[in-house]
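Treat the numbers as computed from the prediction; the structure is a model and nothing was measured. Note that ligands are numbered from 1 as they come in the structure, with each ligand's atoms numbered from 1 the same way.
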Amino acid sequence: MLIVQKYGGTSVGNVERIDAVAARVIESKKAGHDLVVVVSAMSGETNKLLEFAGFFSQTPNHREVDMLLSSGERVTSALLAIALEAKGYPAVSMSGRRAGIVTDTIHTKARIEYIDTTEMKKTLDEGKIIVVAGFQGVSDNGEVTTLGRGGSDLSAVAVAGALEADLCEIYTDVDGVYTTDPRIEPKAKKLDKISYEEMLELASLGAKVLQSRSVELAKKLNVNLVTRSSFNHHEGTLITKEENIMEQPLVSGIALDKNQARVTLRGVTDKPGIAAEIFQKLADCNVNVDMIIQNVGYDGTTNLGFTVPQNELEVTKQAMSELKASEIMQYDSDIVKVSVVGVGMKSHSGVACKAFSTMAKEGINIEMISTSEIKISMVIQAKYGELAVRALHSAYQLDK
Ligand code: ADP
Ligand code: ASP
Ligand code: MG
C-alpha cells in the first residue's frame, strides 16, 4: 500500500517526539508500505514566528510572512529525515516546492492548483521514505506560499489525492474526532466514523482536529481519511461517505469557534447594490465573511451584521472605513460561535428549539443565529463559550 501519514505540531514538538515519529514511520515501512510523511512545524513554532513579525508590524507583508512561516515545517521535515536515516532507513525531505505543490498567489492562504508528482514518484521508486514539509507550496510565479492555519492537513490530503494513495492518516494529539473538543468536555465520546459532510461542518465551525479545506478536498478526491493519535495505537476515526454509516445520529457533534469577530453596520442605505458593494470590497481583500444578517429596512436604512475571522478584523476595519458603508460601525472580538452539527437534523424537527432552550436555561443570550440543513450556529458572548458547549453536549445526550 501507499500510505500518506501526517504528524501535527505536538507529535513533532521536540526531538524526542520526532524520534518516536521516526519509529512509528518505520513500523509502517517494515509492514511493507510505501510512505510519504507530511509534517507540521513543532507546536507553538508558527505562533512564535508570527509574534516576531508582529513586533515590527500589525499588518506585515504577506509574502514575507510566508517566507517566515514556511521555515517551521522545513525544520521538522529535515529533522525527521535525519532521524530516519540514523535508524537505517533512507529518507528524503522535500519543501513544498520540491514536492511539486503548486498554488495560486494568495499569500498566507493559497489554494493548491495542482501537484507535479514527478519528483515524489521517482523518490518512491528508489524505495526511499519522503518527508514533505506541510503547510506550503510554490506559486506559479515561483514564490513560497502557505496554505492557511492548520494547512499541513491539506498538504497531506492533496498529496494523497495526487499520488492516489490507499490511505491518508492524520496523526495528532487526541485519539480521533470526538463529539466535541475533549479538552472542553471530558465526557466527549470518540466517533468511529463520521461523514465528510459532518466533518466539514465541524471543521469549518471551529473543530481544529482537521482543517476544513482538507476535508473538502478529501471528499472531492475520495481520499480514505483517518485521524488517530501518534501517542498510542488506538483505532482512530474514519471520515467517509454518508452511505457507509449505518445509523445516523440526530446530532453528531458540537463545535466552538473562538476565532470570530462581529462587525455591525448601522444606518446602511437600503437600496439595491449596497450589500454587493460592501461584500465585494471584502472579497477584494480576501476576507472570509461568515454569518451575514440584514434586518428589515426602516426609514430608508437598514442594519447589517456579519462575522469575520479575528485575524482579518484589521483589514475589514480598513475596508469599511474606505467604503464609508455606514455612519455607525461597531466591531466586537469578544464573541464566539457555538454550533450543533448532525445530518440527522435534515429529517427531524425540534433540533433548533432544543439548542435555543438550552441557551435560555443557562441564561445565555443568543446574539446571532444561522442555520443550514445540517447545522445550527449561534453567536454568544465569549465568556459563555465553553459552558454552552458542555450544556449542548449534555442536552443532545452526546455523553451517553
Ligand atoms: P495538530 O497539531 O496535530 O494538527 P491540532 O491542535 O490542530 O493538532 O488539532 C487537534 C486538537 O483539536 C485537539 O487537541 C483538540 O483539542 C482539538 N479539537 C477540537 N474539536 C475536536 C473534536 N471534535 N474532536 C477532537 N479534537 C478536537
Ligand atoms: N504550522 C501551521 C500552523 O500552525 C500548519 C499546521 O500545523 O498544520 O497553522
Ligand atoms: Mg492541526
Student: Just checking, Lys29 and Tyr89: is the charged tip under 6.0 Å from the six-membered ring centre and within 45° of the axis?
Tutor: no

Student: Would you check whether Thr180 reaches within less than 4.0 Å of ligand 1, judged by its heavy atoms?
Tutor: yes

Student: Under 4.0 Å from a heavy atom of Arg183: give me the atoms of ligand 1 that qualify, with their elements.
Tutor: 13 (C), 14 (O), 15 (C), 16 (O)

Student: Among protein heavy atoms, which sits nearest to atom 27 (C) of ligand 1, and what does the distance come to when rounded to 0.1 Å?
Tutor: Val209 CB, 3.7 Å

Student: When you measure from atom 15 (C) of ligand 1 to every protein heavy atom, which one gives the shortest distance, and what is it?
Tutor: Asp181 OD1, 3.4 Å

Student: Looking only at protein heavy atoms, identify the closest one to atom 2 (O) of ligand 1 and say how far it is in Å.
Tutor: Gly9 N, 3.0 Å

Student: For atom 7 (O) of ligand 1, grab the closest protein heavy atom and report residue, atom and distance to one decimal in Å.
Tutor: Lys208 O, 3.4 Å

Student: Ring of Phe231, cation from Arg17 - is the NZ or CZ under 6.0 Å from the centre and inside 45° of the axis?
Tutor: yes

Student: Ignoring hydrogens, what is the shortest heavy-atom contact between Leu2 and Leu124? Give both atom names and the distance.
Tutor: CD1-CD1, 4.0 Å

Student: Within ligand 1, which atoms have a heavy atom of Lys6 less than 4.0 Å away?
Tutor: 4 (O)

Student: What does the list of residues with a heavy atom under 4.0 Å from ligand 2 look like, ordered by chain and number?
Tutor: Ser40, Thr46, Glu73, Phe135, Arg149, Gly150, Gly151, Ser152

Student: Quick one: pull up CD1 in Ile380 and CE in Met368 and give me the separation to the nearest 0.5 Å.
Tutor: 13.5 Å

Student: Can you see which heavy atom on Val4 is nearest to which on Ala165, and at what distance?
Tutor: CG2-CB, 3.9 Å

Student: Please could you name the atoms of ligand 1 that Ala207 approaches to less than 4.0 Å, counting only its heavy atoms?
Tutor: 19 (C), 20 (N)

Student: Do me a favour and list the nearest non-hydrogen protein atom to atom 25 (C) of ligand 1 with residue, atom name and distance?
Tutor: Gly176 O, 3.3 Å

Student: Could you tell me whether Asp19 and Lys87 make a salt bridge, using a distance below 4.0 angstrom between a side-chain N and a carboxylate O?
Tutor: yes

Student: Name all residues meeting the side-chain hydrogen bond (donor to acceptor under 3.5 Å, both in side chains) criterion together with Lys258; count only those two or more places apart in sequence or in a different chain, and write none if there are none.
Tutor: Glu386

Student: Considering the heavy atoms of Val177, write down every atom of ligand 1 situated less than 4.0 Å from one of them.
Tutor: 24 (N)

Student: Would Lys219 and Glu216 count as a salt bridge (Lys or Arg N to Asp or Glu O under 4.0 Å) if you check the C-alpha gap in whole Å, the side-chain angles of each, and the deciding distance to 0.1 Å?
Tutor: CA-CA 5 Å; Lys219 180 178 179 215; Glu216 202 178 334; over 6 Å; no

Student: Can you name the closest pair of heavy atoms from Ile112 and Ala158 and give their distance?
Tutor: CD1-CB, 3.5 Å

Student: Testing Ile366, Leu205, Ile254 for side-chain contact (heavy atoms from CB on, under 4.5 Å) with Val338, which one passes?
Tutor: Ile254

Student: Any heavy atom of Gln211 sitting closer than 4.0 Å to ligand 1?
Tutor: no

Student: Answer with yes or no whether the side chains of Asn47 and Arg149 bring together a donor and an acceptor at under 3.5 Å.
Tutor: yes

Student: Can you name the one residue among Lys208, Lys6, Gln211 that meets side-chain hydrogen bond (donor to acceptor under 3.5 Å, both in side chains) with Asp153?
Tutor: Lys6

Student: What's the shortest distance from atom 24 (N) of ligand 1 to any protein heavy atom, and which residue and atom give it?
Tutor: Tyr178 N, 2.9 Å

Student: Would you say Met378 ends up clustered with Ile335 if hydrophobic residues are merged whenever their side chains have heavy atoms under 4.5 Å apart, either directly or through other cluster members?
Tutor: no

Student: With a 4.0 Å cut-off on heavy atoms, does Ser40 reach ligand 1?
Tutor: no

Student: If you measure every N/O of Asp153 against every N/O of ligand 1, is any gap under 3.5 Å?
Tutor: no

Student: Among protein heavy atoms, which lies nearest atom 13 (C) of ligand 1, and at what distance?
Tutor: Asp173 OD1, 3.5 Å

Student: Looking at every non-hydrogen atom in both residues, tell me the closest pair between Val263 and Thr316 and how far apart they are.
Tutor: CG2-CG2, 4.0 Å

Student: Of all the non-hydrogen atoms in the protein, which one sits nearest to atom 8 (O) of ligand 1, and at what distance?
Tutor: Thr172 OG1, 3.1 Å

